[in-house]
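Read the structure below first, then the notes.
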Amino acid sequence: MNLSILIPLLNEEESLKELYSWIIKVMQSNNYSYEIIFVDDGSTDDSWNIIESFSNENPNVKGIRFMKNFGKSQALHAGFAKSQGDVIITMDADLQDSPDEIPGLYEMITAQKYDLVSGWKKKRYDSVVAKNLPSKLFNWAARKTSGVELNDFNCGLKAYKNVVVKNIEVSGEMHRYIPVLAKNAGFGKIGEKVVIHQARKYGETKFGMERFINGFLDLITIWFLSRFGKRPMHLFGAIGSFMFIIGFLAAGYIGVSKLYHMYTGMKYTLVTNNPWFYIALTTMILGTQLFLAGFLGEIILRTKSNEARYKVAREVNF
């Protein structure tokens with residue numbers, strides 16, 4: 001199978017029929033063998049009934065319905081697990097991503113041998129203050145932190161080799177950083193393609209300004225996980241040990257200094273009257289706690305269970 005078109009969605013009943021017809025037109029004009037996977041992330045409108053109607057008339061249309069809203073990352077994770085195409089294309093359901101971009105993305109994966117190609121909405125139709133400027137700042141920080149040179153991490157229109165989506169773990173709200181996850185998994189050939197960004201035709205955006213705040217927090221998380229996720233003791237243990245040794249040596253110096261003053265008959269004060277004693281004690285306590293944090297992190301890493309992060313209510317055509 002050439003293509004898996006993966007579409008996570010939430011309450012997009014108005015745009016689904018137009019999007020479906022557009023994708024089918026592109027598939028037929030290029031003679032692709034394909035599957036379209038809609039992942040309904042807990043919609044409360046008529047989205048699922050529309051998806052079922054598509055699947056009844058076209059066996060290439062498949063659907064996954066979550067029991068409630070679990071988030072876009074979980075929807076992508078579920079779709080990736082089911083995808084069978086040689087190339088997987090992800091796109092949003094709000095018609096802001098153009099299906100006409102699919103052949104170009106497919107060509108970059110198959111002919112130019114990219115592992116992953118991310119869309120770049122160079123010309124946007126969103127609010128400059130509410131979305132464009134925060135997005136530029138966010139993408140700059142993501143580039144500097146991750147080392148992945150992309151201009152638009154958050155673009156939903158991306159193409160992947162099948163092997164890539166089968167070897168990355170998308171959780172929480174990490175869908176923004178799938179290229180970083182792919183790089184950390186060993187897939188180094190990551191490209192970018194300028195794509196058309198269309199103004200939203202129906203409904204309202206499901207994401208507000210809080211996504212940028214969450215995005216920066218997730219960026220810190222993924223930076224940490226990429227470097228110390230498999231070995232937390234290397235960070236916490238090293239810092240904790242260093243702090244404990246510094247505190248222990250400082251406390252030892254204070255104690256030896258008092259004994260020396262007592263032995264020579266010089267004036268001295270109680271150790272507990274010396275403020276540096278409490279600084280040294282605090283440093284030792286913090287060092288011990290950091291060491292224990294690293295130790296517990298290692299234990300959790302080795303005993304964690306792969307608990308499902310979402311619950312599926314129904315599936316069609318799988």
Side-chain angles (χ1 to χ4, degrees), residues 73 134 136-150 153 167-188 190 210-307 309:
S73 291
K136 289 181 183 297
L137 177 61
F138 165 79
N139 285 309
W140 174 83
R143 283 194 300 274
K144 295 300 181 183
T145 304
S146 67
V148 178
E149 293 297 323
L150 294 179
F153 281 81
N167 286 280
I168 57 176
E169 190 76 13
V170 188
S171 61
E173 293 187 26
M174 294 298 178
H175 57 273
R176 303 176 183 88
Y177 303 111
I178 291 179
V180 183
L181 296 174
K183 178 191 174 185
N184 292 340
F187 299 101
I190 298 172
E210 70 276 1
R211 74 170 178 165
F212 294 108
I213 298 172
N214 295 337
F216 283 114
L217 295 175
D218 289 336
L219 185 59
I220 295 171
T221 301
I222 203 167
W223 173 85
F224 172 79
L225 291 176
S226 66
R227 287 162 173 76
F228 303 105
K230 300 295 183 184
R231 42 189 171 84
M233 192 63 167
H234 287 199
L235 176 66
F236 294 112
I239 295 175
S241 297
F242 178 75
M243 290 183 68
F244 181 87
I245 291 171
I246 294 297
F248 181 80
L249 291 175
Y253 173 78
I254 293 168
V256 170
S257 177
K258 179 188 175 180
L259 291 175
Y260 175 77
H261 282 72
M262 291 175 65
Y263 178 76
T264 58
M266 298 172 62
K267 184 179 179 181
Y268 64 89
T269 61
L270 293 175
V271 169
T272 52
N273 288 338
N274 188 337
W276 287 103
F277 170 76
Y278 295 100
I279 294 175
L281 187 61
T282 301
T283 303
M284 292 172 63
I285 293 172
L286 290 175
T288 302
Q289 290 179 330
L290 285 169
F291 184 89
L292 288 174
F295 184 69
L296 291 174
E298 294 282 349
I299 294 175
I300 293 170
L301 192 65
R302 285 160 173 71
T303 59
K304 69 175 183 178
S305 60
N306 294 318
E307 183 181 355
R309 297 185 298 272

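Along the sequence shown, the residues carry numbers beginning at 1.
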Donor-acceptor check, side chain of S73 to backbone of M174, threshold 3.5 angstrom: yes or no? yes
Measure the CG-CZ distance between L281 and F248 for me, rounded to the nearest 0.5 Å. 12.5 Å
Give me the atom names and distance for the closest heavy-atom approach of K267 to H261. O-CD2, 3.3 Å
Test item: M243 and T288 side chains (from C-beta on) under 4.5 Å apart, heavy atoms: no
Euclidean distance, F244 CZ relative to L249 CG, rounded to 0.5 Å: 9.5 Å
If you compare all heavy atoms of A185 against all heavy atoms of N167, which two are closest, and at what distance to 0.1 Å? CB-O, 3.9 Å
When every non-hydrogen atom of A280 is compared with those of A251, the smallest separation belongs to CB-N, 3.8 Å
Which heavy atom of L270 sits nearest a heavy atom of K258, and at what distance? CD2-NZ, 4.1 Å
Hey, are the side chains of F153 and V148 touching, using non-hydrogen atoms and a 4.5 Å cut-off? yes
Rounded to the nearest 0.5 Å, what separation is found between the CD1 atom of I254 and the OH atom of Y278? 10.5 Å
I need the M284 CE to Q289 CD distance, nearest 0.5 Å. 12.5 Å
If you take all heavy atoms of P179 and I190, which pair is closest and at what distance? O-CD1, 3.4 Å
Check whether more than 12 heavy atoms from other residues, nucleotides or ligands sit under 6.0 Å from atom CZ of F291, and answer yes or no. no
Enter the distance from I285:CD1 to L290:CG here, rounded to the nearest 0.5 Å. 12.0 Å
